[in-house]
Amino acid sequence: MYHRQIFLLVVIVSLALVSLVPAAAPARATVSDGPATLVTDINLTPGDAPEATAPASPKDLAAFGERLFFMAGDGTAGCPPYLRSNVNPGSFGCEPYISDGTASHTARLADTIPGPHSPVYNRSSATPPRYLSVAPLTVGQRLFFVAPAPGALWVTEGEPISTQKLYSFVDREWYYLAEKIYAAGDLVYALDTAPGLVVSDGTPAGTRPIGDFTVLSWYNGVASLGGRLYFIADDAVHGAELWVSDGTAVGTKILADINPGKPDAFTYSSALWQVGDQLVFLADDGTNGAELWGTDGTPGGTQPLMEIAPGAAGVTVEAAKVVGRQLYFITGEPGEPHQLWVSAGRRGTTAPLMTFAQYASYPSTLSEAEGRLFFATDTLTGTGATRAHLLQLWLSRDWLEAPAAVATITFPSQIIDDSVSAELLGLIGDRLMLRVDHGTGNVNSEQSWLWSVDQTSGASAQLADLPTTLQGGGLRGATVADGRLYVAGYDATGGVEPWVSDGTPAGTLRLQDINPGPASSLPSQFTRVGDQLFFSADDGQHGEELWALRGLATFPSTSVRDRFNRSDGPLGGAWRGTGRDGYQLTDQMLDVEGGGPIFWPTFFGPNQEVFVTFAHVSGGPHILLLKTQGAIDAPVSDRQSIIVEYAPGSGFSWDLRLAVCEPGVGCGTLEVWRNFVLRDGDQLGARAGDDGTVIVYRNGLEVLRGNVGPDFASKGGRIGLFTQADRNALFDNFGGGDLGSEGNLHDSVYSDTVYLPLILR
């Protein structure tokens with residue numbers, strides 16, 4: 001029986017503070033005829049020449065399975081940022097599309113507003129409102145979206161025949177239309193004011209309004225917990241209070257009247273944060289002002305967590321971020337310096353971590369850097385010629401410890417004459433990829449750069465110039481794929497074009513000059529789908545259209561071995577291991593009972609991978625096994641294995657560990673990521689190579705890497721799963737095998753010797 005207590009931490013990371021002066025970005029090679037290509041010219045009116053420049057203006061790019069969902073338009077306006085008319089000369093206007101990256105399989109899903117019309121949000125306003133849209137929401141194998149006007153909830157399975165309207169909202173000005181859609185359990189909810197809530201099971205017959213109240217949760221005041229939706233509403237009797245819905249009229253009700261009677265406990269800017277199995281929020285009970293509250297979803301479990309600002313004044317939260325199972329937030333108490341706080345969502349778990357009195361500015365945003373809190377501060381030092389801005393970059397270490405400064409970048413006042421800030425764009429291994437900005441509002445002094453900072457050593461480097469407000473509309477789309485960052489970069493010879501970086505100056509270059517010369521293609525909305533990276537760009541000939549970069553590496557590349565799509569009961573004869581009786585099949589998922597080690601019977605080669613979906617995250621530890629040696633029914637302690645463990649760490653956090661186990665020796669940790677986060681539906685996997693390299697993935701993206709040494713490098717072995725007793729954990733879609741070989745896919749009915757093929761649902 002494996003015990004997580006035997007893990008040996010072999011590396012202690014020390015964080016160094018480094019001060020560097022930004023230097024001019026080095027010259028780099030460019031790729032003029034790069035690999036990205038135009039998918040298709042959506043906005044090409046019949047009879048136009050191919051070089052017609054009317055834009056399709058793709059918006060709201062979102063992965064839907066192995067295809068891309070997006071909004072695009074034909075006619076003279078496409079999907080413009082500002083809509084001045086409800087008529088867009090063309091055939092259809094701004095409508096939903098689906099694409100697999102080829103022209104022949106890029107199709108409009110529906111004409112949601114029949115004829116050449118585009119959305120109108122505020123017909124009575126003399127100033128046209130900005131184009132606001134609703135991010136599409138995937139639930140199971142269906143995608144829900146809101147057609148902009150006259151305001152309707154739609155659903156699709158990715159084909160025109162399956163795309164249908166579910167519900168039409170009241171035709172009124174934009175500010176009263178549904179702005180967001182949410183999922184809780186198997187249901188989808190859309191927010192409006194009259195009615196306040198619309199619930200849908202994905203069918204027109206199962207879509208209906210419920211409740212008689214005004215929803216105030218237009219921005220962040222909505223969250224799901226335990227399959228139910230929580231939101232802030234006013235029924236004209238209790239004021240603005242916390243409500244809950246299970247999708248039925250009877251189950252949609254006020255959870256607690258925190259501020260008794262008609263006074264409001266919440267405001268329009270109120271937010272709900274899910275912290276583990278709790279919801280945390282600011283509420284005013286009418287006596288103590290706005291203070292931190294929490295709920296477990298029951299009236300009795302809704303209670304104040306801590307009075308941060310004694311008295312009736314209350315406290316203001318300026319920024320907040322859930323990282324792991326903790327909420328970090330910055331308070332602005334009257335007459336007091338801003339402070340960083342942390343809470344695990346229960347009484348006795350809320351504490352201040354640091355104050356920002358000594359800094360020129362407190363952090364305006366908080367970000368997550370793979371399970372760690374990240375933020376930046378700007379400090380002014382010196383006078384006259386020695387005056388400088390110190391951009392300090394901070395990372396959390398442990399949930400109850402103050403964050404540590406991992407790097408300092410110095411900007412002399414001759415270069416920077418106003419505040420400087422940093423935005424986290426992504427991580428490449430241990431490198432923080434940052435957008436660093438400064439400016440006073442004077443376009444002649446604004447500047448933005450791409451920087452790389454090693455979170456272990458603190459070493460930093462300026463990599464490239466990025467677009468500012470002057471140079472391309474403040475484009476900010478960026479994503480990490482295949483260990484590289486894709487972002488809109490700028491230089492004088494190429495304008496604003498797609499750039500790619502591996503986190504080093506030598507590995508940062510313009511990917512392609514899509515709009516040749518100093519003209520800009522203005523790429524944005526980089527969105528990965530499978531082995532493709534989609535984005536919008538304008539090559540100067542076709543207008544703003546959809547582009548794709550193909551051939552990205554994908555994980556997993558092997559088959560699902562067991563989808564568990566069988567009747568409730570025993571695990572089945574294909575599996576081996578002493579823990580086989582510790583699992584059951586429940587609702588076509590793997591249900592943990594007593595737990596224990598289980599293995600797929602095939603012995604795979606030295607290049608192999610393993611993966612599983614965490615249908616419901618609970619308890620633990622949970623372990624993936626690779627290259628497992630020894631008799632198939634031998635205890636884990638008698639086996640040689642590579643393991644990936646997701647287990648409780650310190651406090652309320654969880655850790656991800658990569659380790660090796662040796663018979664008679666135990667297990668030693670190679671790499672650990674503290675405060676790592678897995679959520680329901682996430683896939684955890686790992687790939688082991690014949691050179692000893694092991695890479696751990698979450699949802700197909702690398703999160704941890706180590707080398708197990710020559711003893712494991714050339715060996716093969718079995719793959720498996722090991723979890724300790726936890727009756728709330730559920731798993732789905734276990735797979736893996738030899739890299740470069742799909743192997744055999746087994747499912748349905750099992751015996752010890754006969755495997756029948758899976759019939760895909």
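Quick note: numbers below take in every heavy atom, side chains included, and nothing from hydrogens, waters or symmetry partners. This one's a predicted model, so the numbers in the text were calculated from it and none came from an experiment. Heads up: numbering here begins at 1 and tracks the sequence.
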>> side chain to side chain contact (heavy atoms under 4.5 Å, CB included), that's the test. Do Ile181 and Leu153 meet it? Break it down for me.
In response: CA-CA 9 Å; Ile181 48 180; Leu153 179 66; 3.9 Å; yes
>> Run the ring pair (Phe, Tyr, Trp, His ring centres under 6.0 Å) test against Phe526 and tell me which residues pass, sequence neighbours left out.
In response: Phe535
> Between Gln278 (side chain) and Gly294 (backbone), is there a donor-acceptor pair under 3.5 Å?
Replying inline: no
> Shortest non-hydrogen contact from Tyr167 to Val198?
Replying inline: CE2-CG2, 3.6 Å
> Taking the six-membered ring of Phe676, is the NZ or CZ of Arg698 close enough (under 6.0 Å from the centre) and on axis enough (within 45°)?
Replying inline: yes
> Is there a donor-acceptor pair under 3.5 Å between the side chain of Arg108 and the backbone N or O of Gly73?
Replying inline: no
>> Working note: Phe213 + Leu197, criterion side chain to side chain contact (heavy atoms under 4.5 Å, CB included); need CA distance, chi angles, decisive distance, verdict.
In response: CA-CA 8 Å; Phe213 45 76; Leu197 199 64; 3.9 Å; yes
>> Quick check: do Thr295 and Leu225 have side-chain heavy atoms less than 4.5 Å from each other?
In response: no
>> Strictly distance-based, threshold 3.5 Å: is any side-chain N or O of Arg528 a donor or acceptor partner for the main-chain N or O of Gly530?
In response: yes
> Can you list every side chain to side chain donor-acceptor pair (under 3.5 Å) pair that touches residues 240-249, not counting sequence neighbours?
Replying inline: Ser245-Thr252, Asp246-Thr248
>> So, taking the atom named CG in Leu721 and the one named CG in Leu624, what distance separates them when rounded to the nearest 0.5 Å?
In response: 6.0 Å
>> Looking at Asp186, I'd like to know if its CG atom is crowded, meaning that more than 12 non-hydrogen atoms belonging to other residues, nucleotides or ligands lie closer than 6.0 Å.
In response: no
>> Quick one, Lys165 and Trp154 - any side-chain contact, counting heavy atoms below 4.5 Å?
In response: yes
> Hey, does Glu291 have a side-chain heavy atom less than 4.5 Å from the side chain of Val315?
Replying inline: yes
> What's the spacing between Ile623 CD1 and Thr723 OG1 if we round to 0.5 Å?
Replying inline: 7.5 Å
>> What's the separation between atom CD in Gln588 and atom CG in Asn565, rounded to the nearest 0.5 Å?
In response: 4.5 Å
>> Counting C-beta onward and ignoring hydrogens, is there a side-chain heavy-atom pair between Leu272 and Leu242 closer than 4.5 Å?
In response: yes
> Any side-chain heavy atom of Leu546 within less than 4.5 Å of one from Leu61?
Replying inline: yes
> Tell me, do Glu318 and Thr316 make a side-chain contact under 4.5 Å, heavy atoms counted?
Replying inline: yes
> Does any N or O in the side chain of Thr112 come within less than 3.5 Å of the main-chain N or O of Ala110, such that one atom is a donor and the other an acceptor?
Replying inline: no
> Would a 4.5 Å heavy-atom cut-off, applied to side chains only, mark Leu656 and Val644 as touching?
Replying inline: yes
>> Please report the interatomic distance CG(Leu137) to CZ(Phe144), rounded to the nearest 0.5 Å.
In response: 7.5 Å
> How long is the gap from OG1 on Thr106 to OH on Tyr97, to the nearest 0.5 Å?
Replying inline: 10.0 Å
>> Please check this pair: side chain of Glu593 against backbone of Asp581, looking for a donor-acceptor N/O pair closer than 3.5 Å.
In response: no
> Do Asp296 and Arg346 sit within salt-bridge range, that is, some charged N less than 4.0 Å from a carboxylate O?
Replying inline: no
>> Using modelled atom types and a 3.5 Å cut-off, is there a donor and acceptor pairing between side-chain atoms of Arg566 and backbone atoms of Leu585?
In response: no
> Taking all non-hydrogen atoms of both residues, which atom of Pro621 and which atom of Ala647 are closest, and how far apart?
Replying inline: CB-CB, 3.3 Å
> Closest approach of Arg325 and Val275, non-hydrogen atoms and distance?
Replying inline: O-CG1, 3.2 Å
>> Heavy-atom count check: over 12 atoms from other residues, nucleotides or ligands less than 6.0 Å from Asp212 CG?
In response: no
> Which atom names give the shortest non-hydrogen contact between Asp680 and His616, and what distance separates them?
Replying inline: OD2-ND1, 3.0 Å
> At what distance, to the nearest 0.5 angstrom, does CG of Leu68 lie from CD1 of Ile98?
Replying inline: 7.0 Å
> Which atom pair, heavy atoms only, marks the closest approach of Trp293 to Gln303?
Replying inline: CE3-C, 3.3 Å
>> I want to know whether Phe614 and Phe731 have ring centres closer than 6.0 Å.
In response: yes
>> Applying side chain to side chain contact (heavy atoms under 4.5 Å, CB included) to Asp264 and Asp284, what does each step give before you reach the verdict?
In response: CA-CA 8 Å; Asp264 297 336; Asp284 185 348; over 6 Å; no
> Are Phe281 and Phe266 an aromatic pair by the rule of ring centers under 6.0 Å?
Replying inline: yes
> Between Phe69 and Phe64, is the ring centre distance below 6.0 Å?
Replying inline: no
> Are the side chain of Ser396 and the backbone N or O of Leu373 linked by a donor-acceptor pair below 3.5 Å?
Replying inline: yes
> Nearest heavy-atom pair of Leu292 and Leu282: which atoms, and what distance?
Replying inline: N-CD2, 3.7 Å
> Judged by atom type as modelled, is there a donor-acceptor pair below 3.5 Å linking the side chain of Tyr646 to the main-chain atoms of Leu678?
Replying inline: yes
>> Do Tyr583 and Phe564 make a side-chain contact, defined as non-hydrogen atoms from C-beta onward lying under 4.5 Å apart?
In response: no
> Do any N or O atoms from the side chain of Arg228 and from the backbone of Gly247 form a donor-acceptor pair under 3.5 angstrom?
Replying inline: no
> Sub-3.5 Å donor-acceptor pair from the side chain of Arg563 to the main-chain atoms of Arg561, do we have one?
Replying inline: no
>> Show, in sequence, the C-alpha distance, side-chain angles and deciding distance for Phe70 and Asp60, and conclude whether the side chain to side chain contact (heavy atoms under 4.5 Å, CB included) test is met.
In response: CA-CA 5 Å; Phe70 61 101; Asp60 308 327; 5.9 Å; no
